[in-house]
Protein chains: 2
Amino acid sequence: MPRTTAETRKQPDTRITARLIGRIKSLISTGAVSPGSKFPPERELAKEFGANRASVRQALKVLEIMGVLSQHVGDGTYLSESAETILNEPIDFLVLLDDLSQHELFETRLMMEPELAARAAERATAEDLSTLRNAIFSMERSKTVRERLNADLAFHDAIFRASGNRICHLLFKSIHRTLLMSMSQLSDRVSLDRPLMFHRKIYDAIRGRNPEDARRCMQQHITDARDLLGKSHPSN
Amino acid sequence: MPRTTAETRKQPDTRITARLIGRIKSLISTGAVSPGSKFPPERELAKEFGANRASVRQALKVLEIMGVLSQHVGDGTYLSESAETILNEPIDFLVLLDDLSQHELFETRLMMEPELAARAAERATAEDLSTLRNAIFSMERSKTVRERLNADLAFHDAIFRASGNRICHLLFKSIHRTLLMSMSQLSDRVSLDRPLMFHRKIYDAIRGRNPEDARRCMQQHITDARDLLGKSHPSN
DNA sequence: TACGATTAATTGGTCCAGCCATAGTGAAGC
DNA sequence: GCTTCACTATGGCTGGACCAATTAATCGTA
């Protein structure tokens with residue numbers, strides 16, 4: 001009976017690391033440290049916060065892994081311009097802990113991405129369209145599986161960016177990253193033609209400012225990809 | 001645990017804490033530590049990983065803040081049953097760093113939640129319906145602003161749960177938490193009647209297995225809430 | 001024997017002090 | 001003016017120490 005009792009437990013006082021994270025959060029929200037600028041050195045923060053350097057380092061490490069800040073030996077600690085990778089680790093552990101299946105990830109995509117494609121059709125800039133076009137070219141020219149998956153990712157990424165919603169952008173970047181990492185272990189038997197065809201159709205719909213078409217094509221695309229993956233790897 | 005070349009390879013970018021997180025991730029994915037069970041003590045992990053205890057603690061602290069595991073003095077470190085709060089901190093910092101406005105959070109809700117409500121109408125169990133009903137009752141009986149916001153959150157939470165998609169469930173729990181935390185600082189002038197009316201309509205649509213109505217009502221609900229908030233707090 | 005109190009061992013929380021590796025700085029030397 | 005090199009600052013990491021909370025073992029008494 002490995003089942004132990006960890007749930008009925010009181011958490012009396014906030015641990016120092018959590019408090020320090022709060023202090024650092026304050027430094028950011030008050031503008032004492034602005035994006036891209038440098039934090040005070042660890043030894044100084046420790047003195048200022050009245051804590052040990054090891055504790056400060058714990059707090060800073062949490063934020064570094066999340067992508068909130070980056071540390072450089074001999075130089076200093078810098079606040080990130082934006083938290084590009086902030087959802088990567090969490091999504092990874094979500095898959096691990098909650099045993100999220102590929103099916104559930106695909107379902108999330110199916111639920112959200114068509115809507116995002118529709119928004120992209122309304123909002124895409126000339127630059128977005130160019131990025132989309134380049135992603136299609138890259139996919140056509142791709143020689144290795146890895147190249148192809150990267151191009152695939154770039155296409156969807158461009159759509160999320162064009163949708164103008166940063167939360168969804170970051171969320172789906174993480175989800176796609178997780179999915180592609182598992183897909184890259186598959187064979188290369190998965191058809192290249194069909195995804196490419198759908199990408200072209202989606203691109204045409206976005207360029208033609210046709211949200212409904214974009215939505216519908218994206219839906220077909222994801223459904224198709226899911227089915228293809230299901231056939232080539234039925235155990236999952 | 002066998003040492004791989006990736007771990008012994010000299011890689012200036014990969015600091016020891018990141019590698020340790022990878023090792024811990026392996027412990028989880030291989031089933032060496034299952035959800036709810038206990039990790040080896042820090043001192044033991046340090047010896048096994050060939051690292052200092054302080055470094056191990058940094059890695060563990062990252063995972064604890066993310067909600068992957070929980071640590072208890074005198075007892076031990078336990079792997080979480082599921083990562084309920086794993087997206088909380090990231091979303092918080094997303095708002096801080098990328099300066100995500102309430103508008104963008106509302107837009108995300110507007111993009112996703114109607115679809116989730118539609119799914120809920122298709123999949124909701126009797127238990128889900130009961131939870132929704134109770135949330136409405138709680139909101140009717142609420143006396144303080146805090147009570148009301150909690151009941152509000154519970155209603156939407158029940159919908160996400162009923163939608164059957166855990167990723168969206170966690171994502172929107174985090175978003176709502178962030179939004180409500182900022183809304184709770186508002187006055188209580190915001191109307192209670194209108195959200196409650198929409199909740200009832202959404203509930204009826206879900207109970208009546210009418211996805212289209214659920215989608216439409218949810219859309220109206222969020223739009224309405226956004227506009228109310230905009231009026232009472234125009235600066236944001 | 002049964003049960004409460006005491007003691008000991010375990011474990012995470014925190015702190016201290018030190019050394020290393022790297023990056024920036026500025027002086028010295030050409 | 002340029003390169004070279006020592007110096008300094010900073011993060012990376014280690015070892016050890018002690019504290020506080022929890023659990024398990026032990027003891028004492030009714």
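A quick note: this is a predicted structure, and the numbers were derived from the prediction, not measured. Protein chains get the first letters and strands the later ones, always in sequence-line order, with residue 1 at the start of each.
Using a 4.5 Å heavy-atom cutoff, the side chains of A/L97 and B/S82 are not in contact. In this structure, B/D157 and B/F172 have side chains that are not in contact, with every pair of non-hydrogen atoms separated by 4.5 Å or more.
The residues A/E147 and A/R141 are annotated as not salt-bridged, no charged nitrogen and carboxylate oxygen being separated by less than 4.0 angstrom. Contact check on A/E64 versus A/K61 returns a salt bridge, with a Lys/Arg side-chain nitrogen under 4.0 Å from an Asp/Glu carboxylate oxygen.
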Please produce a list of atom pairs where a protein N or O lies less than 3.5 Å from an N or O of nucleotides 13-17 of chain C.
| unit_1 | atom_1 | unit_2 | atom_2 | d |
| --- | --- | --- | --- | --- |
| C/dG13 | OP2 | B/R57 | NH1 | 2.7 |
| C/dG13 | OP2 | B/R57 | NH2 | 3.1 |
| C/dG13 | OP2 | B/Q71 | OE1 | 3.2 |
| C/dG13 | N7 | B/R53 | NH2 | 2.9 |
| C/dG13 | O6 | B/R53 | NH1 | 3.3 |
| C/dT14 | OP1 | A/I16 | N | 2.8 |
| C/dC15 | OP2 | A/N52 | N | 3.1 |
| C/dC15 | OP2 | A/S55 | OG | 3.0 |
| C/dC16 | OP2 | A/N52 | ND2 | 3.4 |

Under 3.5 Å between N/O atoms: give me all the protein pairs with nucleotides 5-9 of chain C, atom names plus distance.
none

Give me, pair by pair, the N or O atoms of the protein and of nucleotides 5-7 of chain D that are less than 3.5 Å apart, along with how far apart they are.
none

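Between the C1' atom of D/dC13 and the CG atom of B/L20 lies a distance of 11 Å, rounded to the nearest Å. Distance, B/K47 NZ to D/dG16 C1': 14 Å, rounded to whole Å.
Using cut-offs of 30° and 60° on the angle between ring planes, the pair B/F155 and B/H199 is parallel.
For B/A151, the side-chain contact (heavy atoms from CB on, under 4.5 Å) partners are B/S138, B/M139, not counting sequence neighbours. Residues meeting the salt bridge (charged side-chain N to carboxylate O under 4.0 Å, His left out) test with B/E107, sequence neighbours left out: A/R123.
A donor-acceptor pair under 3.5 Å is absent between the side-chain atoms of B/E113 and the main chain of B/R109, judged by distance alone.
Here side chain to side chain donor-acceptor pair (under 3.5 Å) pairs that include residues 23-33 of chain A, with residues two or more places apart or in two chains, are A/K25-B/D92.
Side chains of A/D128 and A/T131: a donor-acceptor N/O pair is absent below 3.5 angstrom, by distance only.
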